[in-house]
Protein chains: 2
Amino acid sequence: MDASLFTIQPAAPEPIYRQLVEQLRRLIAGGQIAPGELLPSVREMAGFHAVNPMTVSRAYGIAEGEGLLERLRGKGMAVAATQKASHTQHQRLALLEPQLLELARHVRELELPAEPVLRRLTKLLGD
Amino acid sequence: MDASLFTIQPAAPEPIYRQLVEQLRRLIAGGQIAPGELLPSVREMAGFHAVNPMTVSRAYGIAEGEGLLERLRGKGMAVAATQKASHTQHQRLALLEPQLLELARHVRELELPAEPVLRRLTKLLGD
DNA sequence: CCATGTGTATCAATACAACAATACACTTGA
DNA sequence: TCAAGTGTATTGTTGTATTGATACACATGG
């Protein structure tokens, strides 16, 4: 597990610890981090991204509270064994629902037809 | 112009004044508010949505700084005359670009194929 | 003229995020 | 055994963001 898998944007309005939690949620759901796999240590992650170790610890703590991670004392944090290797496509899609709803609202406010939006998104998804 | 055109979610992490600014941006770009048209007064908007008048004023002030609105002293705030009646489809699509980029990143993190995402969005857009 | 309607400058209160510096409990592994 | 590695609790500080309460300057329109 490499700390470089994660992306942190310090300038974003979204607080750092929440950026980390949400990335964890998606990376685990997508199977890019397998159950049982060890995450980068708090100090390693903090050093790599030049943030405070306590900020990383906070993110890990929240993820643990959600059942995403589990603490292996003396070892570090690992993806919880209760997490299936990879969620079903339907489950992963559900994680995007709030974002899709917001996008749809914006499209309506802009009075844009669906077609050009779908075309642009298709392009961004690399099809 | 009716204050009910606007939507405010007080519980959202997004601050209220920014919710207002961004809605203004889209509603003007989409032509749902025409150039020269008067917006609801600070107090009317604040009363309707049960927020502080200064919060609305702040949003108006920012929108004025962006050239979206202009102050008619003694009258109120109006959509700037320099705003074309409605932006081109391409311009409006450009306003969605950051949101589409973020969505694409999340889709990749979830290791989702493009197709189900596009299908779901199509449905939400009412096709 | 002046009551009434604009927007807003100012100040205060509150909450939050991030950082810093420790100290601690625990496990591992040589 | 014990040094070195985990995560975390604690305390304090700093900076910033958001919202709110109040008072003010100004233009309108009867």
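What you are looking at is a predicted structure, and each value in this text was computed from that prediction instead of being measured. Numbers restart at 1 for each chain; the letters A, B, ... are given by sequence-line order, proteins then strands.
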Integer-rounded Å distance: [N] [atom2] and [X] [atom1]:
{"X": "A:Arg71", "N": "D:dG7", "atom1": "CZ", "atom2": "P", "answer": "10 Å"}
{"X": "A:Glu64", "N": "D:dT8", "atom1": "CD", "atom2": "P", "answer": "6 Å"}
{"X": "A:Leu38", "N": "D:dT6", "atom1": "CG", "atom2": "P", "answer": "10 Å"}
{"X": "B:Leu20", "N": "D:dA17", "atom1": "CG", "atom2": "P", "answer": "18 Å"}
{"X": "B:His49", "N": "D:dG20", "atom1": "NE2", "atom2": "P", "answer": "14 Å"}
{"X": "A:Glu70", "N": "D:dT6", "atom1": "CD", "atom2": "C1'", "answer": "15 Å"}

Charged N-O contact under 4.0 Å between [X] and [Y]:
{"X": "A:Glu22", "Y": "A:Arg18", "result": "no"}
{"X": "B:Glu111", "Y": "A:Arg92", "result": "no"}
{"X": "B:Arg119", "Y": "B:Glu115", "result": "yes"}

> For B:Arg73 and A:Leu72, take the nucleotide of DNA chain C holding the closest heavy atom to each; which residue's nucleotide lies nearer the 5' end?
Replying inline: B:Arg73

>> Both A:Arg58 and B:Lys75 contact DNA chain C. Which one's nearest nucleotide lies toward the 5' end?
In response: B:Lys75

>> Please classify the nucleic acid contact of A:Met54 as base, sugar-phosphate, or nothing, using heavy-atom distances under 4.0 Å.
In response: base

> How is A:Ser41 classified with respect to the nucleic acid when contacts are heavy atoms under 4.0 Å: base, sugar-phosphate, or nothing?
Replying inline: sugar-phosphate

> Would you say B:Gln89 and A:Pro113 make side-chain contact, with heavy atoms under 4.5 Å?
Replying inline: yes

>> With the threshold set at under 4.0 Å for non-hydrogen atoms, list the residues of residues 10-17 of chain B touching DNA chain D in residue-number order.
In response: B:Pro15, B:Ile16, B:Tyr17

> Between B:Asn52 and D:dT18, does any side-chain N or O lie under 4.0 Å from OP1 or OP2?
Replying inline: no

>> I want to check one thing: is the phosphate of D:dG7, taken as OP1 and OP2, less than 4.0 Å away from some side-chain N or O of A:Ser57?
In response: no

> Between the main-chain N or O of B:Gln23 and the side-chain N or O of A:Glu109, is there a donor-acceptor pair closer than 3.5 Å?
Replying inline: no

>> Below 4.0 Å from chain B heavy atoms, what is the first contacting nucleotide of DNA chain C and what is the last?
In response: C:dT6 to C:dT10

> Checking side-chain contact (heavy atoms from CB on, under 4.5 Å) for the pair B:Arg120/A:Glu97: CA distance, chi angles, key distance, verdict?
Replying inline: CA-CA 9 Å; B:Arg120 179 64 185 140; A:Glu97 189 71 3; 2.4 Å; yes

>> Among A:Leu110, A:Leu112, A:Val107, exactly one meets side chain to side chain contact (heavy atoms under 4.5 Å, CB included) together with B:Arg26. Which residue is that?
In response: A:Leu110

>> Does A:Arg105 form a side-chain contact (heavy atoms from CB on, under 4.5 Å) with A:Leu101? I'd like the steps, not just the answer.
In response: CA-CA 6 Å; A:Arg105 185 164 59 83; A:Leu101 282 172; over 6 Å; no

> Considering only side-chain heavy atoms of B:Thr55, which listed nucleotide, D:dG20, D:dA23, D:dT8, is closest?
Replying inline: D:dG20

> How far does CE of B:Met77 sit from CE of B:Met45, to the nearest 0.5 angstrom?
Replying inline: 11.0 Å

> On DNA chain D, nearest-nucleotide positions of B:Arg43 versus B:Pro53: which is more 5'?
Replying inline: B:Pro53

